[in-house]
S.K.: 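Take a look at the following structure, please.
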Amino acid sequence: MKCRVCRGKAVIDLPRHNASFCPSCFDSYLMDQVWKAIDEFRMFHKSERILIAVSGGKDSLALWDILNRLGYRTIGFHLDLGIGDYSRESTEKTRKFALDRDLPLHVESLAQEVGASVDSIADLTNRPPCSACGVSKRHLFNRAAKTMDCQVVATGHNLDDEASRLLGNILHWQDGYLEKQNPALPDEGSLVRKVKPLNRLTEKEMAAYAFLKGIDYVVHECPMSVNAKQLFYKKIMNEIEQESPGTKQAFYFGFLDRRSHFYPEKDESPPSFLCRECQSPSYTEICTFCRIRLKVSLAGRDQDSGTHS
Amino acid sequence: MQETNMRLRPSGPILWTKGLQLKMTEPQTDNRQGDGKDQEEKTISVFNAQTGLRLRFPFRRKVHRLLKDLKLDPETVLVIQGDQLLTQDEDLSAEMEVEIRPVISGGAS
């Protein structure tokens, strides 16, 4: 197979573009896609400080690498989720990535913030692990961005993540989530802007980029996400894509093109409350993150009193 | 040469990646590889980078034939041999281990 651009030996074929690329032309293609996403959604500009949420996986490490190459001012933020060997490996690889490239990295631990790891939080609060993880990340990313004077939080969500999420949201007509499914969410009150610069690139393209750039990432899947619905939706989307290449991007980009038609922009007021516990903006008196934290704390006290009685 | 942690031709379905529940079954004999007995017995070592599982399968010359045997969607994996990323139509070398690296990750979004 030959590269569509230079006719050199191809290392990746992209049926959705009916194209194959050699390492060098693939790099140009990928950087161009990221640039297009940043530009189209006016995600950020060179004078801003960007907090990159880095998990240690291929997407977030590749995103950090790309934004650094594009000359943006970035700070990495890694949250140690306390999921045994998986988290140890994730933290280790993230630290090594930052150290090798001399990039600033801030690491926090979920256990220190909430008093328990993701699996314990899920047990104590009767939430699916991915939900407990998601709520905690959103809260702590926002807090870290404000603390470190960053104007924007960037995450490594890719086209597969977004298309599968869209499928799930449509299947259950989650209007609230559909309305907010945008690769660039503006800042709102004290919630900083959130962006997804990899939304034009597939999971395979990101894995290929990480491999070709020698990025050492965590290949193992999060043990907590084994039965996650999102993986099932990804499988369905990939089956459709195999039969009809290009469907995934047509589905997702088509939604973004029509989103404002279905969900017109509203002058939304920011959350009216400030959380009683952490002073973050919240739609209720106590924000979801603090409710989780309090439940974990109460459960811990109950266990202690049970042990001592 | 038999590696210590390697089994020859799995006898039943194997859980290939936990999350996606992709299963691979006993590969079918591929007559297009030739009818000679020697060729039928030629195997290749396949390493799954996500599960750490290392197995031997009947050798297939083309990447897409191997993936078909393993019942893997090409969009969900990288195929690596040596330090080379391989495309679907590329030839495999029977002498070198082939790494299958699943690319799907998931959970909270």
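Just so it is clear: chains get the letters A, B, ... in the order the sequence lines come, proteins before strands, and each one is counted from 1.
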S.K.: Would you mind checking which part of A:N158 comes under 4.5 Å of any heavy atom in chain B, side chain (CB onward), backbone (N, CA, C, O), both or neither?
M.R.: neither
S.K.: Need one label for A:K229: side chain, backbone, both or neither, based on atoms under 4.5 Å from any heavy atom in chain B.
M.R.: neither
S.K.: Should the pair A:H17 and A:Y29 be assigned to parallel (<30°), tilted (30 to 60°) or perpendicular (>60°) ring geometry?
M.R.: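 Answer is perpendicular, since the angle exceeds 60°.
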S.K.: May I have the step-by-step check of side chain to side chain donor-acceptor pair (under 3.5 Å) for A:T247 and A:S244, ending in yes or no?
M.R.: CA-CA 6 Å; A:T247 303; A:S244 175; 2.9 Å; yes
S.K.: Is chain A contacted by the side chain of B:L85, its backbone, both, or neither, given a heavy-atom distance below 4.5 Å?
M.R.: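 Looking at B:L85, backbone and side chain both touch chain A.
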S.K.: Let me know if A:F21 has heavy atoms under 4.5 Å from chain B in its side chain, its backbone, both or neither.
M.R.: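 Neither part.
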S.K.: Could you look at A:L212 and say if it's the side chain, the backbone, both or neither that has a heavy atom under 4.5 Å from chain B?
M.R.: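 For A:L212, side-chain heavy atoms alone lie under 4.5 Å from chain B.
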S.K.: Determine the option with the most heavy-atom pairs under 4.5 angstrom with chain A, choosing from B:V103, B:V79, B:I80, B:D89.
M.R.: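 Winner by heavy-atom pair count: B:V103.
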S.K.: Below 4.5 Å, heavy-atom pairs only: which of A:A208, A:A132, A:G57 has the largest tally toward chain B?
M.R.: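 Top count of heavy-atom pairs under 4.5 Å with chain B: A:A208.
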S.K.: Within a strict 4.5 Å, meaning less than it, do heavy atoms of the A:R143 and A:E113 side chains meet?
M.R.: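 In short, these two side chains touch, coming nearer than 4.5 Å.
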S.K.: Whether A:D80 and A:R88 form a salt bridge (side-chain N of Lys/Arg under 4.0 Å from carboxylate O of Asp/Glu) is what I want to check.
M.R.: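 Looking at A:R88 and A:D80, the cut-off is not met.
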S.K.: Are A:R259 and A:N182 side-chain neighbours, meaning at least one heavy-atom pair lies under 4.5 Å?
M.R.: yes
S.K.: Does the side chain of A:R127 come within less than 4.5 Å of A:T288's, by heavy atoms?
M.R.: yes
